[in-house]
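Labels below follow one simple rule: chain letters A, B, ... track the order of the sequence lines, proteins then strands, and each chain is numbered from 1.
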Amino acid sequence: MPELPEVHGYKTYIDSTSLHQRIIALDCRDSRLLKQSKSYFETQLINHEFKSTHRIGKYLFVETTSEKVLVIHFGMTGRPNYYKSESDRPKFGHIQLSFENGYHFAFENKRKFGWWDLTDSISNFKADHKLSDDARDLSLENFKASVSARKTDIKKIIMDQSVAAGVGNWMADEILYQSRIHPTRRVDQMTSEEIESVFDAMKKVIEVAIENDAHYRDFPEDFLMHFRKEGETCFHTGAEIEKIKVGGRTTYFSPEWQKK
DNA sequence: CGTTATGTTTCACT
DNA sequence: CAGTGAAACATAAC
């Protein structure tokens with residue numbers, strides 16, 4: 001389920017479980033999840049430790065005591081899991097590290113869209129992958145600058161990781177619902193105030209989601225996530241939520257509430 | 001059985 | 001170069 005708030009939670013989880021422990025084994029059941037050879041991962045991880053983590057958007061960077069930084073992307077169905085007994089290895093824990101203390105760390109990835117990579121530097125990785133600053137830290141100036149030259153639907157823009165790293169499909173729908181902007185509104189036809197309202201809603205959605213540990217049921221009652229599905233109705237208007245495709249992704253919005 | 005899923009990358013076109 | 005739509009990746013769950 002990982003977008004920015006979920007990955008934020010994963011970072012906290014890893015920080016509180018897996019730092020400063022010597023890694024003694026790496027097991028990978030499907031090498032397609034590794035962007036480098038398994039032996040290279042072993043060289044860089046075995047007998048080393050996780051030192052600290054950093055998050056940009058949906059990417060998690062783990063600094064280690066080796067010269068390389070581990071890059072983790074969770075894909076659509078990834079999450080970390082730390083447990084004591086090997087027998088508790090989760091069903092989809094395709095990559096597992098074992099620590100010297102006897103505990104294990106699994107990278108769960110049901111759909112196998114997630115991956116691990118190794119990089120020399122976070123800033124180079126960020127540049128190579130055209131990642132913007134993390135959406136939580138992004139300035140209004142930078143946001144406006146990357147939006148200004150664009151001529152397409154606002155939803156595609158805010159999901160563009162080079163515009164606001166960390167915004168994914170559900171967050172984009174929520175942000176546009178909160179700012180009352182229609183998902184297919186073209187950015188070049190939006191006023192400066194409307195762009196700012198999207199920016200403000202993005203910040204609000206991020207903070208609310210993080211405060212609630214990305215647990216949607218605890219979100220405020222006027223959040224789209226409570227009725228983001230077919231047949232449900234808008235909290236404000238009572239009208240039926242509509243479902244369309246934008247940029248290839250399923251999109252839910254409230255027709256009268258979000259003006260085109 | 002067919003459809004759908006919270007993501008990224010690549011590619012053939014406009 | 002900017003942008004688009006589609007496809008590919010891989011698999012569980014409904």
Using the side chain to side chain donor-acceptor pair (under 3.5 Å) criterion, which residues pair with [X]? Sequence neighbours excluded.
X	result
His226(A)	none
Thr65(A)	His48(A)
Lys112(A)	Asp30(A)
Asn109(A)	none

Phosphate-side-chain proximity, Thr250(A) and dA5(B), N/O vs OP1/OP2 below 4.0 Å: yes
Presence of Lys58(A) side-chain N/O under 4.0 Å of dT6(B) phosphate oxygens OP1/OP2: no
Whole-Å P distance, dT4(B) and dA6(C): 14 Å
Nearest-angstrom distance, P atom, dT3(B) to dA7(C): 14 Å
Residue Lys156(A), side-chain atoms from C-beta onward, closest of dT8(B), dA5(B), dG5(C): dG5(C)
Side chain to side chain contact (heavy atoms under 4.5 Å, CB included) involving Ser139(A) - partner list, sequence neighbours excluded: Glu141(A), Asn142(A)
Partners passing side chain to side chain contact (heavy atoms under 4.5 Å, CB included) against Cys234(A) (at least two apart in sequence or in another chain): Tyr177(A), His236(A), Thr237(A), Ile241(A), Ser254(A), Trp257(A)
Quickly work out the [X] [atom1] to [N] [atom2] distance and round it to whole Å.
X	N	atom1	atom2	value
Phe74(A)	dG7(B)	CZ	P	14 Å
Ile154(A)	dG3(C)	CD1	P	13 Å
Glu230(A)	dC14(C)	CD	P	17 Å
Lys243(A)	dT3(B)	NZ	P	12 Å
Asn109(A)	dA13(C)	CG	P	14 Å
Lys245(A)	dT6(B)	NZ	C1'	13 Å
Glu6(A)	dA5(B)	CD	C1'	14 Å
Asp173(A)	dG7(B)	CG	P	10 Å

Sugar-phosphate only, base, or nothing, as touched by Gly168(A) at under 4.0 Å among non-hydrogen atoms: sugar-phosphate
Members of residues 118-135 of chain A that approach DNA chain C, where some heavy atom sits under 4.0 Å away: none
Asp188(A)/Arg186(A) salt bridge by N-O under 4.0 Å criterion: yes
Secondary-structure notation, DNA chain C, from Watson-Crick and G-U pairs under 3.5 angstrom (| other strand): .||||||||.||||
Nucleotide-resolved protein contact map, nucleotides 6-11 of chain C, B/S/- at heavy-atom distance under 4.0 Å: ---BBB
Which residues share a salt bridge (charged side-chain N to carboxylate O under 4.0 Å, His left out) with Glu42(A), sequence neighbours left out: Lys38(A)
Trp170(A) with Phe227(A), same ILVMFWY side-chain cluster at under 4.5 Å: no
Ser192(A) versus Lys144(A), side-chain donor and acceptor atoms under 3.5 Å: yes
Any pair counted as ring pair (Phe, Tyr, Trp, His ring centres under 6.0 Å), so long as it reaches residues 130-162 of chain A, sequence neighbours left out: Phe143(A)-Phe199(A)
Hydrophobic cluster partners of Tyr59(A) (side-chain heavy atoms under 4.5 Å): Ile56(A), Phe61(A), Val69(A), Val71(A), Trp115(A), Ile122(A), Phe125(A), Leu131(A)
